[in-house]
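Hydrogens, waters and symmetry mates play no part in the numbers below; they use all other heavy atoms, side chains included. Residue numbers start at 1 and run along the sequence shown.
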Amino acid sequence: EVQLVESGGGLVQAGGSLRLSCAASGFTFDEYHIGWFRQAPGKEREGVSCISSSDGSTYYVDSVKGRFTISSDYAKKTVYLQMNNLKPEDTAVYYCAAASIHWAIPIIQVGVDGMDYWGKGTLVTVSS
């Protein structure tokens with residue numbers, strides 16, 4: 001059974017930090033790229049960050065560059081998203097997703113329809 005399980009969401013004040021985790025199981029971890037997407041109320045789901053299983057390269061949407069950091073622990077089959085200096089506009093449900101390493105472009109650019117597996121999401125709320 002394929003599973004992507006997110007954790008680490010919560011309520012924080014603007015300027016605070018959270019670390020999200022995505023624990024993967026049921027598939028060959030190094031055959032997939034892992035990304036983070038988010039969906040705010042009334043908004044489309046958007047790509048936030050992803051990490052390449054081919055070379056470890058990381059990618060970020062412009063709005064989070066310099067504030068968020070994605071990383072991967074191969075042994076634990078877990079991907080993290082460290083979120084610093086959070087802003088109210090970061091409020092969203094954050095989803096972990098996996099896509100085949102056959103993609104040669106960052107999977108947040110591929111978009112939601114190209115993902116093979118999704119987690120159920122974890123809610124991040126940033127208050128003013």
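- Side-chain contact between E46 and R38 is present, with heavy atoms from C-beta onward closer than 4.5 Å.
- Atom CD of E44 sits in a sparse spot, with 12 or fewer heavy atoms from other residues, nucleotides or ligands closer than 6.0 Å.
- Counting only distance, with no hydrogens or angles, the side chain of T78 and the backbone of K76 share a donor-acceptor pair below 3.5 Å.
- Note: I51 CD1 to C22 SG = 11.5 Å, rounded to the nearest 0.5 Å.
- In this structure, W36 has its ring center no closer than 6.0 Å to that of F68.
- Side-chain atoms of D73 never come within 3.5 Å of backbone atoms of V79 as a donor-acceptor pair (strictly under, hydrogens ignored).
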**Prompt:** What do the steps show when you test N84 against S17 for side chain to side chain donor-acceptor pair (under 3.5 Å), and what is the final call?
**Reply:** CA-CA 4 Å; N84 296 329; S17 298; 2.9 Å; yes
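- Distance alone, capped at 3.5 Å, places no donor-acceptor pair between the T28 side chain and the D30 backbone.
- Within the model, atoms CG of L4 and SG of C96 stand 4.5 Å from one another, a figure rounded to the nearest 0.5 Å.
- Between the side chain of T69 and the backbone N or O of Q82 there is no donor-acceptor pair closer than 3.5 Å.
- Within the cation-pi definition used here (under 6.0 Å to the ring centroid, within 45° of the axis), R45 qualifies as a partner of Y95.
- Distance check: L86 CG to S127 OG gives 10.5 Å after rounding to the nearest 0.5 Å.
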**Asked** Can you check side-chain contact (heavy atoms from CB on, under 4.5 Å) on M115 and W118, steps first, answer last?
**Response** CA-CA 7 Å; M115 302 299 101; W118 289 95; 3.5 Å; yes
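- Not counting sequence neighbours, the partners of S57 by the side chain to side chain donor-acceptor pair (under 3.5 Å) test are D55.
- Judged by distance alone, with hydrogens and angles left aside, the side-chain atoms of R67 form a donor-acceptor pair with the main-chain N or O of N85 at under 3.5 Å.
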**Request:** Apply salt bridge (charged side-chain N to carboxylate O under 4.0 Å, His left out) to the pair D62 and K65, showing each step before the final yes or no.
**Result:** CA-CA 5 Å; D62 286 347; K65 287 180 179 177; 2.9 Å; yes
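- When side chains are defined from C-beta on, V126 does not count as touching Q13, because their heavy atoms never get closer than 4.5 Å.
- The main-chain N or O of C50 is never found under 3.5 Å from a side-chain atom of H33 such that the two would form a donor-acceptor pair.
- Of the possible donor and acceptor atoms, one in the side chain of E6 sits under 3.5 Å from a partner among the backbone N and O of K120.
- S53 places a side-chain N or O within donor-acceptor distance of the main-chain N or O of Y32, the cut-off being under 3.5 Å.
- You'll find the ring centres of Y94 and F37 outside the 6.0 Å limit.
- Residues passing the side chain to side chain donor-acceptor pair (under 3.5 Å) test with E31, sequence neighbours excluded: none.
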